[in-house]
Amino acid sequence: MHKPSLPIILILFFIFQFCQPKQNINYDKNIAFKMFSRAVEQYHAVNYEDALDYINQAIKANGRIAGYYELKGDIQTKQGKLKAAIVDYDKAKSLRSFYPEVFLKSAKNYFRLQEYDHAIRNYKKAFVQEPQQISILLNLAECNLQLTELNLAMNILKEYIMHCEKQSKLAERFYYVLFAKIKFEQELFEDVISSMVLARQNGPLNRNEGLFYVRALIQENELENAYRLATIDLKNELKAAEIHFIRGLYYYHLNNFKDAKNQLELSIANNTIVFEAYETLSNIYKQENDFDRAQEVLKQGEKYRSFRFINYGLSYK
């Protein structure tokens, strides 16, 4: 029988060595799960650095588990590393195609980063995978509101209500808040007030909601309601600069320019980011023929001109 020559043996050896699928020498399911369990424990104990170290070890031992990358994304989100978290969420999605909860997590991080187009894409994918989770439509409406796509945002809210009716569900509180914000942007302040009354019936107002609600009340000349809401009901929610601003507007609408000036100056001294505070105080200075101070204070507040009132006090936590 003819024996293979040495060159043929060498060729076969190299083929066997280098053409076989590469194995992960660190691949160990047991170690990976052990590290993952420790990461979960540290995550719930709010020890995020330790949790991150453990989950990295889990991924090193077994990088094929989508849930490991999801947890890593969760840890980095808690650390404020939103972009890094999105990378991990993307890896998780690449390992598991049906993953609505991770699409939602990516969307929320994109929203916090004010990358609303990316947020919309992820919310849409989550909704396709979980069409019964109709609250996703509220998130989509909020993204379009931030993009000033007001008609589109309103149409999404209408779609949300249709789904509520089909499922015999009551609208969530957030629906009324979003409806009010859209109407605020459209300067339909009566609608803002009526919608916020319904929102308030379903839970207390937070800082953001209180601010634009109070501002709508002032616009509709419901001054006493606005004053009481800002200085009593929301006293613990609003910052000093914001309360001074509301008081300033209150007095300004009562033509009490002396007290209005005092309150608006206090608001600005407390570093308000409400451009209207600077603008209103500038108008008072003009009425006093103090044109230099009027110009100076307007210039001081110019950097806040583009801020939208519906976002004052908005928390991304």
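Residue numbers count from 1 along this sequence. Source: prediction; values computed, not measured.
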Residues Gln114, Gln146; criterion side chain to side chain contact (heavy atoms under 4.5 Å, CB included); working and verdict: CA-CA 9 Å; Gln114 299 181 30; Gln146 294 299 330; over 6 Å; no
side-chain hydrogen bond (donor to acceptor under 3.5 Å, both in side chains) evaluation trace for Arg308 with Asn311: CA-CA 6 Å; Arg308 298 163 72 188; Asn311 289 336; 5.7 Å; no
Exercise: do Gln76 and Asp88 side chains pair donor with acceptor under 3.5 Å: yes
Heavy-atom closest contact ([X] atom, [Y] atom, distance):
X: Cys143; Y: Ala119; answer: SG-CB, 3.8 Å
X: Phe275; Y: Tyr304; answer: CB-O, 3.6 Å
X: Tyr278; Y: Val297; answer: CD2-O, 3.5 Å
X: Ala32; Y: Asn62; answer: CB-CB, 3.5 Å

Residue pairs, two or more places apart or on separate chains, that pass side-chain hydrogen bond (donor to acceptor under 3.5 Å, both in side chains) and touch residues 123-134: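 Applying side-chain hydrogen bond (donor to acceptor under 3.5 Å, both in side chains) to every pair that reaches into residues 123-134, excluding sequence neighbours, yields Gln132-Gln167.
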From CA spacing to verdict: side-chain hydrogen bond (donor to acceptor under 3.5 Å, both in side chains), Gln287, Asn283: CA-CA 6 Å; Gln287 292 174 20; Asn283 290 335; over 6 Å; no
Polar side-chain atom of Ser194 near backbone of Asp191 as donor-acceptor pair, under 3.5 Å: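 Judged by distance alone, yes, a pair lies under 3.5 Å.
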Backbone of His118 reached by a side-chain donor or acceptor of Asn122 within 3.5 Å: yes
Other residues, nucleotides, ligands: >12 heavy atoms within 6.0 Å of Gln186 CD: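 Correct, the count exceeds 12.
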Whether over 12 other heavy atoms sit under 6.0 Å from Gln295 CD: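 Atom CD in Gln295 is not crowded, with 12 or fewer foreign heavy atoms closer than 6.0 Å.
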Steps toward side-chain hydrogen bond (donor to acceptor under 3.5 Å, both in side chains) verdict (Asn47, Gln42): CA-CA 5 Å; Asn47 297 323; Gln42 294 304 310; 2.8 Å; yes
Listed partners of Glu288 passing salt bridge (charged side-chain N to carboxylate O under 4.0 Å, His left out), at least two apart: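 With neighbours one apart ignored, the set is Lys261.
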Non-neighbouring partners of Arg173 that pass salt bridge (charged side-chain N to carboxylate O under 4.0 Å, His left out), sequence neighbours left out: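 Counting only residues at least two positions away or on another chain, Arg173 forms a salt bridge (charged side-chain N to carboxylate O under 4.0 Å, His left out) with Glu209.
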Distance under 6.0 Å and angle within 45° of ring axis: Arg247 vs Tyr250: no
Ring-face cation of Lys91 near Tyr69 (centre distance under 6.0 Å, axis angle within 45°):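 Judged by the rule, Lys91 and Tyr69 form a cation-pi pair.
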Side chain to side chain contact (heavy atoms under 4.5 Å, CB included) between Lys29 and Phe33, intermediate numbers included: CA-CA 6 Å; Lys29 290 182 179 180; Phe33 186 74; over 6 Å; no
NZ/NE/NH1/NH2 to OD/OE distance under 4.0 Å, Glu265 and Arg293: yes
Parallel, tilted or perpendicular: rings of Phe212 and Phe184 (30°, 60°):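 Perpendicular, since the angle between the ring planes exceeds 60°.
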